[in-house]
2 protein chains.
Amino acid sequence: MPPHEHPAAADSARELIAAHGGRVTRTRVAVIEALQRSAHPLSHDEIGATLDGAGIGHDRVTLYRALDWLVEQGIAQRIAGGERAWRFEIRRDGDHRHAHFHCERCGQIVCLEDVPAAAPTLPAGFAVARAELVLHGACADCGRAGVEGKEG
Amino acid sequence: MPPHEHPAAADSARELIAAHGGRVTRTRVAVIEALQRSAHPLSHDEIGATLDGAGIGHDRVTLYRALDWLVEQGIAQRIAGGERAWRFEIRRDGDHRHAHFHCERCGQIVCLEDVPAAAPTLPAGFAVARAELVLHGACADCGRAGVEGKEG
DNA sequence: AATCTAATGCTACAATGTTGCATCAAAAGC
DNA sequence: GCTTTTGATGCAACATTGTAGCATTAGATT
Ligand SMILES: [Mn+2]
Ligand SMILES: [Mn+2]
Ligand SMILES: [Zn+2]
Ligand SMILES: [Zn+2]
């Protein structure tokens, strides 16, 4: 890649990693870019598939550790979602924690950017670090096709 | 047990099961009573330990299935919580779905009965079946002892 | 008591995530 | 550019949480 290039997505990921004092590896770069490209939080498996697509060797453990590191550094955040697997999304700049919607039909998690996950007032003594608000139901796509259950 | 006894907790559980057309088994009765006694949602393992204590043979699978059945029947409900295991709590009468607090220090889940888990207005097409609101942080007990991390 | 079948107990398996350790390679030093 | 350092990886083995199939048991009904 020649110089005189305006900072592309690839560079952003590299810089992001370096800025946090980590080593810039193919895996980390690819994971960050996958998260940046995605409109919704990705599961470990989905990210793994992306790495496959990019021809990047991916050991399960390495991927878990890469994701752990991104979360530790505050570059990404973990979403509990409805199923048993974590999902991950990149942390944007003016980041206010938002709610998520879990579709019980297609299994997808949708970011509800406009719905804040705000912590209400709690009994004395409780210190809230973060709030997670997850709505479960049928997403717009799934609701449209077949209200009577039929298919998925 | 003699007659002329006012309906105790044990009977309630039996009646609850029968009312839903299920067979009254030791496992189901013990599980319901454990949930009824507990002030906070219980994990599968915690319930299993209770059964042990009551000298009731408990196969992992049976317990999972008993809990599934209770949830299907609307007798109990599942809480996602912060960790990877489901937790279960009994469904009370005038039951409004409430928020939960997950203490990241002691791992406990606390019911916030007074904090409703209300679903906000969503984009058109989304059908919300239920809302889950989980606050993460340090509970009153854990916050009190040692703000500086030290121990748990 | 005999019958019917829902629930159980077992085994085997799947999915998700973790630990330990040898090896590799990114970044720094020369 | 070559060497050194150590963070990151890859592999094997394991832990936890949850499911599926199927023979057996026991709760309810007659
Ligand atoms: Mn999101
Ligand atoms: Mn509760
Ligand atoms: Zn959907
Ligand atoms: Zn606590």
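This one's a predicted model, so the numbers in the text were calculated from it and none came from an experiment.
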Side-chain N or O of B/T62 less than 4.0 angstrom from OP1 or OP2 on C/dG9? yes
OP1 or OP2 of D/dG18 sitting under 4.0 Å from any side-chain N/O of A/R84? no
In whole angstroms, the gap separating P of C/dC13 from OH of B/Y64 amounts to 18 Å
When you measure from the side-chain N and O atoms of B/W86 to the phosphate of D/dG18, is any distance below 4.0 Å, counting only OP1 and OP2? yes
Rounding to an integer number of Å, can you tell me how far A/L67 CG sits from C/dT18 P? 11 Å
Looking at A/R130 and B/E104, is any side-chain nitrogen of the basic one under 4.0 Å from a carboxylate oxygen of the acidic one? yes
Nearest-Å distance, CD (B/E72) to C1' (D/dT19)? 14 Å
Pairwise salt bridge (charged side-chain N to carboxylate O under 4.0 Å, His left out) hits with a residue in residues 77-91 of chain A, at least two apart: A/E46-A/R87, A/D68-A/R78, A/R91-A/D95
Atom CZ of A/R87 and atom P of C/dA15 are separated, to the nearest Å, by 15 Å
B/R28 CZ - C/dG9 P separation (whole Å): 12 Å
Of A/R65 and A/D45, the one whose nearest nucleotide on DNA chain C sits closer to the 5' end is A/D45
Who pairs with B/V128 by side chain to side chain contact (heavy atoms under 4.5 Å, CB included), at least two apart in sequence or on another chain? A/F101, A/L135, B/A119, B/L122
B/I47 and B/L42: which non-hydrogen atoms are nearest, and at how many Å? CG1-CB, 3.7 Å
Could I get the full list of side chain to side chain donor-acceptor pair (under 3.5 Å) partners for A/E113, not counting sequence neighbours? none
With B for base contact, S for sugar-phosphate-only contact and - for none (protein heavy atoms under 4.0 Å), nucleotides 22-27 of chain C reads ---BBS
Measure CD/A/E83 against C1'/D/dT19 and give the value in whole Å, please. 14 Å
Can you tell me if the side-chain N/O atoms of A/T27 get under 4.0 Å from OP1 or OP2 in D/dA8? no
Rounding to 10°, can you tell me the angle the first-five-pair axis of the helix from C/dA1-D/dT30 to C/dC30-D/dG1 makes with its last-five-pair axis? 30°
Any chance you could lay out the side-chain contact (heavy atoms from CB on, under 4.5 Å) test for A/H44 and A/Y64, step after step, and finish with the verdict? CA-CA 7 Å; A/H44 169 279; A/Y64 276 116; 3.6 Å; yes
Hydrogens and angles aside, do A/D52 and A/H58 bring a side-chain donor and acceptor to less than 3.5 Å of each other? yes
Nearest whole Å is fine: how far is D/dT17 P from B/R78 CZ? 15 Å
Any residue in residues 54-61 of chain A with a heavy atom nearer than 4.0 angstrom to DNA chain C? Just list them by number, or reply none. A/R60, A/V61
Checking A/R26 side chain against A/I56 main chain: does a donor-acceptor pair fall under 3.5 Å? no
